[in-house]
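Accompanying notes for the structure given below.
Order of the sequence lines sets the chain letters (A, B, ...), proteins ahead of strands, with each chain counted from 1.
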2 protein chains.
Amino acid sequence: MPLPLHQAKAEFFRMLGHPVRIRVLELLQDGPRPVRELLADIGIEASSLSAQLAVLRRSGIVTATRDGTTVVYALTSDDVAELLSVTRKVLTGLLAGQNELLAMLRDEERA
Amino acid sequence: MPLPLHQAKAEFFRMLGHPVRIRVLELLQDGPRPVRELLADIGIEASSLSAQLAVLRRSGIVTATRDGTTVVYALTSDDVAELLSVTRKVLTGLLAGQNELLAMLRDEERA
DNA sequence: TGAAGAGTTGAAAACTTCTTCAACTGTACA
DNA sequence: TGTACAGTTGAAGAAGTTTTCAACTCTTCA
C-alpha cells in the first residue's frame, strides 16, 4: 500500500510510454547496438533519438558505453524481453475486445 | 517493424503511467470493487478518481457496471496480474542497480 | 594543431496530461 | 414529485513531455 512504490511503478511505465523508446528496447533485445544502427532502423532526427535514449538511460533500463566515436547501447536486464512479451499478450486481449465492439456496431448497422 | 504497433504499445504503457491507475489495477486483482471502496482505499477527490477510472475504461483494461447507485469496476483480463508481477521483477532490478551506484558514491566519499 | 564526424545537450514552442471546481446524470426513497 | 446520494463530466489553469534547431563535446585522423 505504500504510495511511493506506486509512484515508482507509474514512472517506470511512463518511461516506456513512447513509440521510439519501445522500438529501441525491442531492437536491443537482439543484443547491444550502436546509435548509428538504431538511427538507421528508426529513421528520425538524431537529436530526437538522443533525447529518447537519455530517458532510457536515466531510468537505468539501458546502458551506454563509448567505443571510439561510436556509442553502444545495451539492455541492463534480460527481464525486459519477458515484460514486452506479457505486454503483447495483454494488448492482444484488449485489441480483440475492441474489435468485438466494432463487430457489434457493424451488426447493429445491418439490423 | 510496423510503426502503428509501437504506437499502440506506447499508448498502453502511458495508460498505465499514473500512481492512482496502478493502485486501482492492483486493488482489482482481488476481484471487482465498487467505486466507493476504491475511493476509501485510495483517498483522493472523487472527481480525480473518476477521471483516472475513465482513462482505464477507455483503454478497455477494466469494465464498469452499474448496480443501483453504485458502479462496480472489474479487470477484463487475468493477464494484468502477470504484467504487474513481471514489472515488479524488472523494477527490482533497476532499483537494485541504482542502489549499487549509491553505494559506490558512498565508497568514493570515504576514500 | 585543426578539421570532420558521432552523438549529446539546452532552449523555445507545440502538445498532452493532471487537478480542481462546478455543474450534471441517474437511482433510490420519502 | 422532490430530495439526497453516488458517480461522472467539462472547463480552466498548472505542470510535464516532445520536437526542432543551434551549439557543444569528444574522438579520430590528416
At less than 4.0 Å, is any side-chain N or O atom of H18(B) found next to OP1 or OP2 of dG16(D)? Yes or no.
no

Please report the distance, rounded to the nearest Å, between CD1 in I44(B) and P in dT20(C).
9 Å

Below the 4.0 Å mark, does dT17(C) have OP1 or OP2 next to a side-chain nitrogen or oxygen of R14(B)?
yes

Would you tell me if any nitrogen or oxygen in the side chain of T69(B) comes within less than 4.0 Å of OP1 or OP2 on dT27(C)?
no

How many angstroms lie between CG in L84(B) and NZ in K89(B), if you round to the nearest 0.5 Å?
14.0 Å

Ranking L49(B) and G17(A) by the position along DNA chain D of their nearest nucleotide, the one closer to 5' is L49(B)

So, S85(B) side chain and A81(B) main chain: donor-acceptor pair closer than 3.5 Å or not?
no

Under 4.0 Å between a side-chain N or O of Y73(A) and OP1 or OP2 of dA6(C)?
no

Picking from dC21(D), dT8(C), dT8(D), which would you name as closest to the side chain of L53(A)?
dT8(C)

Can you tell me how far P of dT8(C) sits from CG of L56(A), to the nearest Å?
11 Å

Would you tell me if any nitrogen or oxygen in the side chain of R57(A) comes within less than 4.0 Å of OP1 or OP2 on dT9(C)?
yes

Can you find an N or O donor on one side and an acceptor on the other, under 3.5 Å apart, linking the side chain of S48(B) with the base of dC18(C)?
no

Could you tell me whether a side-chain N or O of T76(B) sits under 3.5 Å from a main-chain N or O of G60(B), the two making a donor and an acceptor?
yes

Side chain to side chain contact (heavy atoms under 4.5 Å, CB included) test vs P32(B) passes for just one of V72(B), L75(B), T63(B), namely V72(B)

Among dT20(D), dG7(D), dT18(D), the one nearest T70(B) by side-chain distance
dG7(D)

Between dG7(D), dT9(C), dT9(D), which nucleotide gets closest to the side-chain atoms of V35(B)?
dG7(D)

Would the distance check show the side chain of R66(A) and the main-chain N or O of G68(A) forming a donor-acceptor pair, the cut-off being under 3.5 Å?
yes

Below the 4.0 Å mark, does dT19(C) have OP1 or OP2 next to a side-chain nitrogen or oxygen of Q52(B)?
yes

For R66(A) and for E45(B), locate the closest nucleotide of DNA chain C by heavy-atom distance; then report the residue assigned to the nucleotide nearer the 5' terminus.
R66(A)

dT8(D) P sits how many Å from R36(B) CZ, rounded?
12 Å

